[in-house]
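Below you'll find the structure, written out as structure tokens, and then a few comments.
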Amino acid sequence: MGTTWSLTYVPGASSPDPAAVQSAVEQALERVNAAMSTYRDDSEIMAINGAIAGQSLSLSEDFTRVLAAGLAIGAASNGAYDVTVGPLVRLWGFGPGDPVDAAPAEADVSMLLDEVGQDALDFDIGARTLLKRAPRELDFSSIAKGYAVDLAAEVIEASGVSDFLLEVGGEMRLSGNSPRGDQWRVAIEQPDATRRAVAQAVAVSNASVATSGDYRNYFEVGGVRYSHSIDPRTGYPVRHDLVSVTVIHESAMMADGWATALVILGMPTALEVAERQGLAVYFIQRGDDDFVAGHSSAFQPYLAGGDA
């Protein structure tokens, strides 16, 4: 996935050998890579992307789970999240291929907008089949990493480990208690590309945490910053002041996907959607001189045990 992973766990009387746990986690991550990586020609997603429209495609169980979640978030976010946004992401230089040093032509953006839209997908979750009624490419880069965390957490728990912190590229699953015997405490990063600083600490147990923002992955041309967060409804990077969204959810996959969707929506719509969906979300906006933080109602309990 082009990133790293780490696992911290509290050993018990019957804990497995660390090498066995590591091997199980690596197998789970490889399983996700094999299904959903757009950087591997032999992955399941690349085979589906290469299939012609009108062909019924059989899906693996992992692929079915992630596609179902992505489509649900897309519908609930009024199209701000869309699993077919891949061609636009590549056009702006943030997907497989070489980065770009200039904004693409408006005509190119308009042309690719016609190739984006999950409404052209006929998905049968029970039969685990997909039919594309028009040419479409799937991109799970904003949700597959979260699913990898969920899958790896399942194998860790199956090995007999119940108290752990698993992190894959910044997305986390926190289970049971920390070595101190209380909830795990993790930091939400200040969205400042020039330095590392803590914006807020939170106390979490038996939940997942995912953050999305525009402060690390971007390019600048002529003093204009172009974020990697592409709005599939317009074809352009977002240009609002919401720079970081952190979601706490029982599923890392859902936290991952929703963090992306809410960043694209921007304030105040993101907060309205979070409240309607009952999501625990921490928002950071760029103010005139500093950052301004806020959160949804469901996030409040996590602030009580954290020290900023």
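Sequence positions, counted from 1, serve as the residue numbers for this chain. Both backbone and side-chain heavy atoms feed into the values below; hydrogens, waters and symmetry mates do not. All of these numbers come straight from a predicted model, not from anything done at the bench.
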Atom CG in D82, atom CG in D231: separation rounded to 0.5 Å?
10.0 Å
In terms of heavy-atom contacts, E167 and G169 come closest through OE2-N, 3.3 Å
D139 side chain vs V83 backbone, donor-acceptor pair below 3.5 Å:
no
Dump the intermediate steps for side-chain contact (heavy atoms from CB on, under 4.5 Å) on L67 and F140, then the final yes or no.
CA-CA 8 Å; L67 179 57; F140 290 164; 4.0 Å; yes
Can you name the nearest heavy-atom pair linking S162 to S175, along with the distance?
O-OG, 2.8 Å
Minimum heavy-atom distance between V155 and A24, given as atom pair plus value
CG2-O, 3.8 Å
salt_bridge(E30, R40) N-O dist < 4.0 Å
yes
Is there a side-chain contact between V89 and S141 (heavy atoms, below 4.5 Å)?
no
Please check if the side chain of R173 supplies one atom and the backbone of L166 the other of a donor-acceptor pair under 3.5 Å.
no
How long is the span from the CG atom in L130 to the CG atom in L59, to the nearest 0.5 Å?
5.5 Å
Taking the side chain as C-beta and beyond, is there a heavy-atom pair between Y282 and Q200 under 4.5 Å?
yes
pair M172-V186: side-chain heavy atoms closer than 4.5 Å
yes
In terms of side-chain heavy atoms, does D62 have a donor or acceptor partner in S60 at a distance below 3.5 Å?
no
Can you get from V10 to V161 by hopping between Ile, Leu, Val, Met, Phe, Trp and Tyr side chains that sit under 4.5 Å apart?
no
Partners meeting salt bridge (charged side-chain N to carboxylate O under 4.0 Å, His left out) with E106 (sequence neighbours left out):
none
Let's go through R185 and R180 carefully: what are the C-alpha distance in whole Å and the side-chain angles of both, what is the deciding distance for side-chain contact (heavy atoms from CB on, under 4.5 Å) to 0.1 Å, and is it a yes or a no?
CA-CA 10 Å; R185 291 188 183 130; R180 298 182 306 271; 3.7 Å; yes
CE of M46 to CG of L138: how many Å apart, nearest 0.5 Å?
11.0 Å
Side-chain ion pair, R276 and E272, N-O less than 4.0 Å:
no
Closest non-hydrogen atom pair between V85 and P232, with its separation
CG2-CB, 3.8 Å
Look only at the side chain of R133 and the backbone of G54, and say whether a donor-acceptor pair between them is shorter than 3.5 Å.
no
Heavy-atom side-chain contact between L165 and Y9 under 4.5 Å:
no
Before you tell me yes or no, could you show the steps for V25 and W5 under side-chain contact (heavy atoms from CB on, under 4.5 Å), namely the whole-Å CA-CA distance, both residues' side-chain angles and the distance that decides it to 0.1 Å?
CA-CA 9 Å; V25 170; W5 70 273; 3.6 Å; yes
Taking W92 for its side chain and Y236 for its backbone only, find out whether a donor-acceptor pair lies under 3.5 Å.
no
Return the orientation label for the H228 and F94 ring planes: parallel under 30°, perpendicular over 60°, tilted otherwise.
perpendicular
Residues forming a side chain to side chain donor-acceptor pair (under 3.5 Å) with E275, sequence neighbours excluded:
S297
Report yes or no: does S296 contribute a side-chain atom to a donor-acceptor pair with the main-chain N or O of V281 at less than 3.5 Å?
yes
Same cluster (ILVMFWY, side-chain, under 4.5 Å), Y147 and L7
yes
Begin with the C-alpha distance, continue with both residues' side-chain angles, and end with the deciding distance and a verdict on side-chain contact (heavy atoms from CB on, under 4.5 Å) for F283 and T246.
CA-CA 7 Å; F283 302 97; T246 297; over 6 Å; no
Mind checking whether M254 and I73 have side chains closer than 4.5 Å, heavy atoms only?
yes
Looking at Q118 and L71, would you say the former's side chain and the latter's main chain have a donor-acceptor pair under 3.5 Å?
yes
So do the side chains of V247 and V245 get within less than 4.5 Å of each other, counting heavy atoms only?
yes
Closest heavy-atom pair and its distance - L29, A148:
CD2-CB, 3.8 Å
Hey, could you give me each pair passing side-chain hydrogen bond (donor to acceptor under 3.5 Å, both in side chains) that has a residue in residues 248-266? Not counting sequence neighbours.
D150-S251
I'd like to know if E189 and R196 make a salt bridge, using a cut-off of under 4.0 Å between side-chain N and carboxylate O.
yes
Any donor and acceptor pair, going by atom type alone, linking the side chain of S77 with main-chain N or O of G74 inside 3.5 Å?
yes
How many angstroms lie between atom CZ of F63 and atom OG of S58, to the nearest 0.5 angstrom?
12.0 Å
Answer yes or no: is there a donor N or O on one side and an acceptor on the other, between the side chain of T129 and the main chain of L57, under 3.5 Å?
no
Would you say D163's side chain and N177's backbone share a donor-acceptor pair under 3.5 angstrom?
yes
Short side-chain to backbone donor-acceptor contact, T84 and G117, under 3.5 Å
yes
Taking all heavy atoms of T3 and all of K145, pick out the closest pair and write down the distance.
CG2-CD, 4.4 Å
